Number of protein chains: 2
Amino acid sequence: MPEDPPNSAPAHGPTIYEVARRAGVSIATVSRALRDTGPVAPRTRAKVLAAVEELRFTPSRLGVSLAEGRHAANGIVFPDLSGPYYAEVVLGYEEVASELGRSVIILSARGRSNVRDQVKDLAGRVDGLVVFGHTVDDATVRELMAAGLPVVLLARAPIAGADLVASENIATAGVLTEHLLGHGYRDLTMLGASTGDDIGERWAGVTRALSAHGLTAGPPVPCEFTVDGGLAAGRDLLRRRTRPEAVICADDQVALGMLLAAEELGLDVPGDLAVTGWDDIMAARHARPALSTVRQPMRELGARAARALDELITGARATTRHQTLATELVVRTSCGEHPPQEDL
Amino acid sequence: MPEDPPNSAPAHGPTIYEVARRAGVSIATVSRALRDTGPVAPRTRAKVLAAVEELRFTPSRLGVSLAEGRHAANGIVFPDLSGPYYAEVVLGYEEVASELGRSVIILSARGRSNVRDQVKDLAGRVDGLVVFGHTVDDATVRELMAAGLPVVLLARAPIAGADLVASENIATAGVLTEHLLGHGYRDLTMLGASTGDDIGERWAGVTRALSAHGLTAGPPVPCEFTVDGGLAAGRDLLRRRTRPEAVICADDQVALGMLLAAEELGLDVPGDLAVTGWDDIMAARHARPALSTVRQPMRELGARAARALDELITGARATTRHQTLATELVVRTSCGEHPPQEDL
DNA sequence: CAGCAAAGTGGAAGCGCTTACAGTCAGCGT
DNA sequence: ACGCTGACTGTAAGCGCTTCCACTTTGCTG
C-alpha cells in the first residue's frame, strides 16, 4: 500500500471557509444562507450563492453529519442476494429510503466469516439498520439495539424490542396444500429442510393443512437452496422406488431445479409429478411448465422496512411493530391441469 | 416532522474520551493502541483494551473519516436494477469492495428526476464512484472528476479521463449472427432499438456480420426493454404478413416476451421462428424452449469495476484504463435444432 | 557515570460543518 | 434625542477522531 504523504490534499472540493472568504462573510452566514436556518439579508445571500456557484461548493457530508450528529444513511444486511428475491427487496428498500432522504449502505453476508465486525462498522455509518434474514446473530443485534440504534428485522424470527416486517407463510402454505390436495395428490414431499425461519413456517403450514385432512408427510428433504441443489435433490428423489406425487419446494430456485431433474428423467410435469415453488421470481413465469408458486410482495417488503425504520429514527413511533404482508398463491401449470383461464 | 430538542443525546455510543479516562491515559494513546499506529507499552495497551471492552466502544466512523480525510466507502449509481442483470453486477461490486475494506452506498436512478442532486450528495459520501450505464449526464460526471473524485464507468460510453469496464458486444454479436446464418436464416430482425450504448454496439455487430455476407436487415424495431415490451412487440411482429425467420432481441427479457408472444400465437420456436436474447439471466435457462443468448460476466463486471476504482483511489494507478470483458454465445434451443450435446 | 537514542506518552491542532451566543446597527416609539 | 427591538452577522465551541511534536522515561553505550 503506497504510503502517500501526510498532507496530500485529498483533492476534496472547496470548504465552507473558502466560500465564506470569497463571499466576504463568515462561515456561519454561509451555513445559514445554504440551509435557510436563520435570517440572512437578500444581498448577502446572493453573494454567498454566487460564491457557491463559482466554487462549485458542495458541503462535506462528513462535516455536516459530524456536526448534526446524524448520518442521513441507513444500512441493510442481506443474506445472499444472488437470487432475484433479495435483490428485489433491497431495491424496494432503496427506493423508499431515498425518498426519505437517506442513503443506503448495503452489506452482503454471503459466505463471510467476519459479518459481525462488518456489521458493527456499518452500524457506525448509519442512523438505523435493517437486518434481513438470519445474517446477524441475535446477540449482536441486541447489542446494537442496546447502543440505541434503531433496528428493523426483515423476513426472520422476531427479537424483542425490534420492529419486524415479514410476509405471511403459514396460511398461504395451507392454501397451497389445499390446492394440491384438490388435485387429488395425497403423497406430498417437502423439499428443502429448514427451521426457525420463513421456510420453517411454510412447512408448518403445510403440515398443519395435511393433518387437518388426516394426512401426514415425511420430514422435509434436505436440499441446498439453489437451482443446482434442487436438481441434485430432484434426481435423487425421482429415482427412488416410490416417487412422490407432488413436491412442494422451499423456493422457486429449488423448484426450477426439480423441473430440470424431471425433464432429465423424462418425467412429465404435471402429468407424472406436480411441482410448486415459492417467491414467484421471474423465471417461474417463463419455465415450461410454468411454475405454480406463491408470490411474495418483495418490493413492498423492502419498502415497509424502510418506512418502519424511518419512523423509528425520527422518533415518530417509539413502540415496536410487527407487520405481516399477505402472500398469494399463483396457480400455473406445474401443479396440475386447470380449466383454461387467464393467467400467466 | 417532530422537532426534537437540540441536545437529545443521539444515544451514540461512548467516545474515545471516555475510554481514555477509564483507562487512565490520553486519547492519543487510545487511538494508537487501537490502530497500532505507534508504540504503546503492553500494560497500557491492556488497560485500553479492557476499557474498550467494558464500554463496548466502537470508534465513530464519522470522526475517523473526518480525521483521516477518507470515507472508506464507494458509491454506485445504477439504472433500474429491476431485472437480474443489474442486481448481479451490483453484487459482484459489493463483494469486492467489501474485501477491500470499503462500504458500498447504492443509488438507483430508476425514474428519478433529481438524480443529479442525489449523485452530488452521494459523491460527498464516498472516495470514488461507479456510474453504471447512462444514469448520470456526462457534464455531471466530468464535474465530479474535475473535483478529484475517481470515477469508473460501467457498461456505457466512455468519457475522457475516466476508467471504463464493459463487456464485449460487437464481436460476439457477430458470432451470434453467424450462428443464425449457419442455421440457414436469412431474414433477421433486431428487436429493441437503441443507440450509443451497449445495445447499439450489438446492432452494429449484427449489421456488420450480415453485410459481410451481402445481407442487410431492417432497422431495429422499437421495443421497451421488459418482458411485457417484448410480448407486445412480439404480438405485433408475428402477426405481420411476412414473419421474420429469426428475431435477435436486445436482451433476455425482451426475448422472453417474444417467446410468450410466439406461444400465444401458436407458433413453434424454433420450428417456425428462431429467437435469441442477450445477458443469460436465470430465466433464460429455464424457459422452454431454452433461450439461446449471450452470457455476460455480470458479477465479474462489478468486481472489475470495484478493483479499478480501488486502484484509482489508492493511487496505485494514475492512468485511465478501459477493460472489455469477453462474452460468450450460449447456444440452447430457441435458435434452432442442434446435434445433441451437453449444455443447459 | 555522563550522554544519547529509543520507547512511551500527552498536548493540541486540525478535519468541515452547525449553532448557541454575543455583538452591531438601523429604525422606532416616546 | 435616547433607549429598545429586531434583523443581521461574526465568534467560537463543539462533533469524535488522527497525528505531529514535544516531553519524559528508561536502557545502554562508551
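Throughout, a chain's letter reflects where its sequence line sits, starting with A, and its residues are numbered from 1. Predicted model, so just to flag it, every value in this text is computed and none were measured.
The shortest distance between the side-chain N/O atoms of Arg35(B) and the OP1/OP2 oxygens of dT19(D) is below 4.0 Å. Using a 4.0 Å cut-off, no side-chain N or O of Ser60(B) falls inside it from OP1 or OP2 of dC17(D). Listed pair Ser26(B) / dG11(C) fails the phosphate criterion, with no side-chain N or O lying under 4.0 Å from OP1 or OP2. Residue Thr44(A) places at least one side-chain N or O under 4.0 Å from the OP1 or OP2 atom of dT9(D). Taking side-chain N and O atoms only, Ser31(B) has a distance below 4.0 Å to OP1 or OP2 of dT18(D).
Comparing Leu66(B) and Arg45(B) by the nucleotide of DNA chain C whose heavy atom lies nearest to each, the residue mapping closer to the 5' end is Arg45(B).
Closest approach to the Val64(A) side chain among dT9(C), dT18(D), dC17(C) is made by dC17(C) (side chain taken as heavy atoms from C-beta onward). Candidate nucleotides dT18(D), dG11(C), dC15(C) were compared by shortest atom distance to the side chain of Ala28(B), and dG11(C) ranks first. Here the side chain of Ala41(A) is nearest to one of dT19(C), dG14(C), dC8(D), namely dC8(D). Closest approach to the Val40(A) side chain among dT18(D), dT9(D), dT18(C) is made by dT9(D) (side chain taken as heavy atoms from C-beta onward).
At the heavy-atom level, Pro39(A) lies under 4.0 Å from base atoms of the strands shown. Val25(B) comes within 4.0 angstrom of the backbone, heavy atoms only, and of no base. Looking at heavy-atom distances under 4.0 Å, Thr15(B) makes contact with sugar-phosphate atoms alone, never a base. Note on Arg32(A): a base of the nucleic acid sits closer than 4.0 angstrom, heavy atoms only.
Rounded to an integer number of Å, the gap from CG of Leu34(A) to P of dC17(C) is 10 Å. The CZ atom of Arg21(B) sits 16 Å away from the C1' atom of dG10(C) (whole-angstrom rounding). Between Arg70(A) atom CZ and dG14(D) atom C1' the separation is 19 Å, expressed in whole Å. Counting to the nearest Å, the C1' atom of dC15(D) and the CD1 atom of Ile27(B) are 12 Å from each other. Rounded to an integer number of Å, the gap from Glu68(A) CD to dA20(C) C1' is 16 Å. Remark: P of dG16(D) and CZ of Phe57(B) are 10 Å apart, rounded to the nearest angstrom. Summarising the geometry, the separation between CZ on Arg43(B) and C1' on dA7(C) is reported as 16 Å, rounded to the nearest angstrom. One interatomic measurement links the two molecules: CD1 of Ile16(B) to P of dG14(D), which rounds to 18 Å at whole-angstrom precision.
By the 4.0 Å N-to-carboxylate-O rule, Arg156(A) lies close enough to Asp138(A) to be salt-bridged with it. Look at Glu18(B) and Arg22(B) and you find no salt bridge, because none of the NZ, NE, NH1 or NH2 atoms lies under 4.0 Å from a carboxylate O.
In the displayed structure, Arg56(B) atom CZ is contacted under 6.0 Å by at most 12 heavy atoms of other residues, nucleotides or ligands.
Nearest heavy atoms, Leu309(B) versus Pro150(B): CD1-O, 3.7 Å.
Inter-residue side-chain proximity for Asp163(A) and His322(A) is flagged as unmet; no heavy-atom pair is nearer than 4.5 Å.
With hydrogens and angles ignored, no donor-acceptor pair under 3.5 angstrom links the side chain of Arg61(B) to the base of dG16(D). A donor and an acceptor atom sit less than 3.5 Å apart, one in the side chain of Tyr17(A) and one in the base of dC17(C).
In the model, Arg112(A) has a side-chain atom that pairs as donor or acceptor with a side-chain atom of Ser98(B) under 3.5 Å.
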